[in-house]
Amino acid sequence: MASILSTVAGIVNIVGVLSVHVLTTNVTGHFAFFSEQLFLKSYDTSFIYLYYIFVFLLGAFLSGLIAESSVDKRSHTSYSIPLLIEISIMSSLGFSSFLPINGNQSLSIVISSALLLSMGLQNALVTRVSQSVVRTTHLTGLFTDLGTDLSKLFFRREKSESVKLNKSIFLKLTIIGCFFLGSTLGGFGYRYFELKTLFIPVFFLILALWYDRILFRFYTMKRRYKQSE
């Protein structure tokens, strides 16, 4: 699932840049832009970047809220609802491609906000599922962790530790590769389909839901089988 969602993030990132010139998978750059606009005394623009940061935070908050509300019930909806919300957002933006975007700042802000909200939802979901091990919407942390993992290869370790380390490196390389794949796919797709390119991540999100449900049923049946023994 991490690979699928990383591909989604790569597509969303490049579509956001090409369509509305806004980074939508992380907020690090927005802090710099916010400070820059304050320095230039462009307070209206600085407020927009501050608003983008808040929207990403809101997405993460909603994802966490959904997850926490489902903990006691042991409900599988804590994972499916954020993805369904993300699918709805991407689908709506895909259909919005029939509206004129160029020169329409209000519509550009709406599109940026929707993409940031969906990425906040997704990042918080994956962070919770992986217990803060995996991120899918930005690569800074992944490259940092990958660098530290690669440095460990130069030291002798127990076989079990080496296997665990190799799996960790492979996972990070896979997620990074999928993000690049999504960025490339989204870039070429936007050339021909513009915002309709977001229907591609919709497909991947539906695939992720299907895959997650299959795994959920498998582990449920496995647990019941063990209890019946």
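All figures in this text were calculated on a predicted structure; none of them were measured in a lab.
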Output the distance between atom [atom1] ([X]) and atom [atom2] ([Y]), rounded to the nearest 0.5 Å.
X: Ile4; Y: Ile206; atom1: CD1; atom2: CD1; value: 12.0 Å
X: Ile85; Y: Leu117; atom1: CD1; atom2: CG; value: 8.0 Å
X: Leu50; Y: Phe54; atom1: CG; atom2: CZ; value: 9.5 Å
X: Ser19; Y: Leu198; atom1: OG; atom2: CG; value: 7.5 Å
X: Leu121; Y: Leu116; atom1: CG; atom2: CG; value: 11.0 Å
X: Thr137; Y: Phe179; atom1: OG1; atom2: CZ; value: 7.5 Å

Is any side-chain heavy atom of [Y] closer than 4.5 Å to one of [X]?
X: Met119; Y: Val12; answer: yes
X: Leu5; Y: Leu205; answer: yes
X: Pro82; Y: Leu62; answer: no

**Study point:** Side-chain H-bond candidate by donor/acceptor type, Thr136 with Gln122, under 3.5 Å
**Key:** yes

Could I get the full list of side-chain contact (heavy atoms from CB on, under 4.5 Å) partners for [X], not counting sequence neighbours?
X: Thr7; result: Ile11, Cys178, Phe204
X: Phe203; result: none
X: Ile109; result: Ile48, Tyr51, Tyr52, Gln105, Ser113

Taking all atoms of both residues into account, what is the closest heavy-atom pair of [X] and [Y], and its distance?
X: Ile175; Y: Ala2; value: CD1-CB, 4.0 Å
X: Val20; Y: Ser112; value: CG2-OG, 3.2 Å
X: Val8; Y: Pro201; value: CG1-CB, 3.8 Å
X: Thr45; Y: Ser42; value: OG1-OG, 3.1 Å
X: Leu195; Y: Tyr190; value: N-CE1, 3.8 Å

Grouping I, L, V, M, F, W and Y whenever their side-chain heavy atoms are under 4.5 Å apart, do [X] and [Y] come out in a common cluster?
X: Leu65; Y: Val55; value: yes
X: Leu171; Y: Phe180; value: yes
X: Ile111; Y: Phe47; value: no
X: Leu181; Y: Val126; value: no

Please report, to 0.1 Å, the donor-acceptor pairs under 3.5 Å made by any side chain of residues 87-95, with sequence neighbours excluded.
residue : atom : partner : partner atom : Å
Ser88   : OG   : Leu84   : O            : 3.0
Ser91   : OG   : Ile87   : O            : 2.8
Ser92   : OG   : Ser88   : O            : 2.8

Can you list, by chain and residue number, the hydrophobic cluster partners of [X] when the side-chain cut-off is 4.5 Å?
X: Phe39; result: Leu40
X: Val17; result: Leu23
X: Tyr192; result: Phe193

Point to revise | Counterpart residues, side-chain hydrogen bond (donor to acceptor under 3.5 Å, both in side chains), relative to Thr25 (two or more places apart) | key: Asn13

Point to revise | Ser6 side-chain N/O to Ser3 backbone N/O, donor-acceptor pair under 3.5 Å | key: no

Check your understanding: Restricting to pairs with a member in residues 179-200, which pass salt bridge (Lys or Arg N to Asp or Glu O under 4.0 Å), not counting sequence neighbours?
Key -> none

Review point. Listed by chain and number, what are the ring-ring contact (aromatic ring centres under 6.0 Å, His included) partners of Tyr49, not counting sequence neighbours?
Key: His30, Phe33

Return all side-chain donor-acceptor pairs below 3.5 angstrom for residues 150-165, not counting sequence neighbours, or 'none' if the list is empty.
residue : atom : partner : partner atom : Å
Ser151  : OG   : Thr148  : O            : 2.5
Ser162  : OG   : Glu158  : O            : 3.1

Review point. Any side chain to side chain donor-acceptor pair (under 3.5 Å) pairs touching residues 172-181, not counting sequence neighbours?
Key: Asp149-Lys172, Ser168-Lys172

